[in-house]
J.: 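Take this structure first; my questions come after.
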Amino acid sequence: MPAAKNKKKTQSAKSSAEEIGKKAYGTAKEATVSAWEAVKVVFSDPMGGQGKALKMLDKKRALSAGIVFVAIFVLSFWLFSKSLMFLGLDFFIDPNRGGGLLGQHIPRPELSFGDHLKLLLMGVVPPTILAACYFGLGRWLKELDLGAVVFASGLALLPMSLALVLMWALDLNLNLLFGVQFFAMSMTLLLINGLLLDGLNTSTKRAFFLTPATLLATLAVTRVVWGVLF
């Protein structure tokens, strides 16, 4: 009897795990499809597509698509960062200490689990700061729900995600690195500007100043947070 009960418990646990796995897979698949549909809408009309995409997605789907975008950025950041294999994080926090890309760094052959976790946490900071900026602008101009904020934050950093993967694939080639960064930053600025004009319905004049201010604030606060926490 005890053996039969244990067998039933094992089967029940296995069935529960399989059910949870299927639900998680279904949720991830749905979120990925929503993200892809939104990307097609936005990049078919970069300046006016974000409003269309948010109307196409409900709040739940917008949130799930935004989480996919943020996850892509975090993983791209981790992939690029771990390839640097530097003992300290001077490259990200203080270029004056290590000289940035052109400075001399001490290579590290392997990263510990803690280092990998640290890089993943660092990757979460930029989208979080940008989301906070969007939330503040939404309170001032036109209120945005959580799904719209997460969606817009992740979407704005999608070009940077692609740039990080490309720079990793190019093995940190300095001849191409800055060009890729410049292109990605320009795309991010356009996406921020698109949200301000289309999502928050602000004036062109106001968006002209708020777009670079939002990006600069995100970069500055991210640097400060990295310096304090890491």
Side-chain angles (χ1 to χ4, degrees), residues 31 34-74 76-77 122-167 177-226:
S34 298
W36 177 242
E37 290 176 351
V39 166
K40 289 191 292 185
V41 171
V42 171
F43 284 95
S44 65
D45 181 12
M47 298 308 296
Q50 291 188 64
K52 295 177 184 177
L54 288 172
K55 288 178 182 178
M56 179 187 71
L57 303 172
D58 56 32
K59 293 181 180 180
K60 182 179 178 181
R61 290 182 67 201
L63 177 60
S64 61
I67 291 173
V68 170
F69 293 144
V70 171
I72 290 173
F73 176 80
V74 173
S76 302
F77 182 89
M122 288 179 74
V124 175
V125 174
T128 302
I129 301 302
L130 182 56
C133 290
Y134 279 158
F135 181 78
L137 290 171
R139 299 284 291 182
W140 175 36
L141 300 171
K142 176 186 174 183
E143 190 168 354
L144 294 172
D145 58 73
L146 177 63
V149 168
V150 176
F151 172 84
S153 303
L155 180 67
L157 292 174
L158 192 57
M160 293 300 299
S161 303
L162 298 177
L164 289 170
V165 172
L166 182 58
M167 289 188 289
L177 188 60
F178 294 108
V180 172
Q181 284 182 320
F182 181 80
F183 177 79
M185 199 70 72
S186 299
M187 291 291 292
T188 295
L189 280 169
L190 288 174
L191 289 169
I192 293 174
N193 186 258
L195 178 74
L196 290 171
L197 293 172
D198 190 44
L200 293 173
N201 298 324
T202 189
S203 65
T204 305
K205 180 181 178 180
R206 186 175 284 177
F208 178 80
F209 294 102
L210 287 177
T211 297
T214 300
L215 182 59
L216 288 173
T218 300
L219 294 174
V221 176
T222 294
R223 185 178 179 124
V224 170
V225 172
W226 279 351

J.: Within this structure, what is the CG-CG distance for the pair Leu210 and Leu137, rounded to the nearest 0.5 Å?
T.: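 Spacing of CG (Leu210) from CG (Leu137) equals 6.0 Å.
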J.: So do the side chains of Leu54 and Asp198 get within less than 4.5 Å of each other, counting heavy atoms only?
T.: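 The answer is no, as the side chains (C-beta and beyond) never meet within the 4.5 Å cut-off.
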J.: Enter the distance from Leu197:CG to Arg206:CZ here, rounded to the nearest 0.5 Å.
T.: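 It comes to 11.5 Å.
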J.: Should we count CZ of Phe43 as having more than 12 external heavy atoms under 6.0 Å?
T.: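 Buried by this count: over 12 neighbours within 6.0 Å.
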J.: If every non-hydrogen atom of Ala65 is compared with every non-hydrogen atom of Leu57, which pair is closest and at what distance?
T.: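 In this case the closest contact between Ala65 and Leu57 is CB-CD1, 4.3 Å.
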J.: Could you tell me which non-hydrogen atom of Val70 sits nearest to which non-hydrogen atom of Gly154, and how far apart they are?
T.: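 Minimum heavy-atom separation between Val70 and Gly154: CG2-CA, 4.0 Å.
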J.: Report the distance from atom CD1 of Ile67 to atom OG of Ser153, rounding to the nearest 0.5 Å.
T.: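 One finds 12.0 Å between CD1 of Ile67 and OG of Ser153.
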J.: Dump the intermediate steps for side chain to side chain contact (heavy atoms under 4.5 Å, CB included) on Val39 and Phe69, then the final yes or no.
T.: CA-CA 10 Å; Val39 166; Phe69 293 144; 3.5 Å; yes
J.: How long is the straight-line distance from NZ of Lys59 back to CZ of Phe151, given to the nearest 0.5 Å?
T.: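 These two atoms lie 15.5 Å from each other.
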J.: Would you mind reporting whether Thr222 and Trp226 have side-chain heavy atoms less than 4.5 Å apart?
T.: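 In short, these two side chains touch, coming nearer than 4.5 Å.
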J.: Measure across Ala207 and Pro212 and return the closest heavy-atom pair with its distance rounded to 0.1 Å.
T.: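 Shortest heavy-atom separation between Ala207 and Pro212 comes out as O-CD, 4.4 Å.
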J.: Examine distances only and state if a side-chain atom of Thr188 and a backbone atom of Ala156 form a donor-acceptor pair shorter than 3.5 Å.
T.: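 Confirmed, Thr188 side chain pairs with Ala156 backbone.
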J.: Any donor-acceptor pair under 3.5 Å linking the side chain of Gln50 with the backbone of Leu191?
T.: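 Between the backbone of Leu191 and the side chain of Gln50 there is a qualifying donor-acceptor contact (under 3.5 Å).
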J.: Would you check if Val150 and Leu146 make a side-chain contact, meaning some heavy-atom pair closer than 4.5 Å?
T.: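 They are in contact (side-chain heavy atoms under 4.5 Å apart), so the answer is yes.
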J.: Name all residues meeting the salt bridge (Lys or Arg N to Asp or Glu O under 4.0 Å) criterion together with Lys52; count only those two or more places apart in sequence or in a different chain, and write none if there are none.
T.: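 Salt bridge (Lys or Arg N to Asp or Glu O under 4.0 Å) check on Lys52 returns Asp45.
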J.: Using a 4.5 Å cut-off on heavy atoms from C-beta on, say whether the side chain of Leu196 contacts that of Ile192.
T.: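 Contact flag for Ile192/Leu196 side chains = yes.
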J.: CE/Met167 to CD/Gln181 distance, rounded to the nearest 0.5 angstrom?
T.: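 So the CE of Met167 and the CD of Gln181 are separated by 4.5 Å.
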J.: Tell me every residue that passes side chain to side chain contact (heavy atoms under 4.5 Å, CB included) with Ala71, counting only those two or more places apart in sequence or in another chain.
T.: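 Applying side chain to side chain contact (heavy atoms under 4.5 Å, CB included) to Ala71 gives none.
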J.: Which heavy atom of Ala163 sits nearest to which heavy atom of Val180, and what is that distance?
T.: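 Looking at all heavy atoms of both residues, the closest pair is CB-CG1, 3.5 Å.
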J.: Walk me through whether Ile72 and Val68 qualify under side chain to side chain contact (heavy atoms under 4.5 Å, CB included).
T.: CA-CA 6 Å; Ile72 290 173; Val68 170; 4.0 Å; yes
J.: So, taking the atom named OG1 in Thr202 and the one named CZ in Phe209, what distance separates them when rounded to the nearest 0.5 Å?
T.: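 Spacing of OG1 (Thr202) from CZ (Phe209) equals 11.5 Å.
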J.: Looking only at heavy atoms, what is the nearest atom pair of Ser76 and Leu164, with distance?
T.: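 Here Ser76 and Leu164 meet closest at O-CB, 3.8 Å.
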J.: What is the minimum heavy-atom distance between Met56 and Ala38, and which atoms define it?
T.: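 In terms of heavy atoms, the two residues are closest at CE-N, 3.9 Å.
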J.: Write out all pairs satisfying ring-ring contact (aromatic ring centres under 6.0 Å, His included) with one or both partners inside residues 125-147, taking only residues at least two apart or from two chains.
T.: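 Matches after skipping sequence neighbours: none remain.
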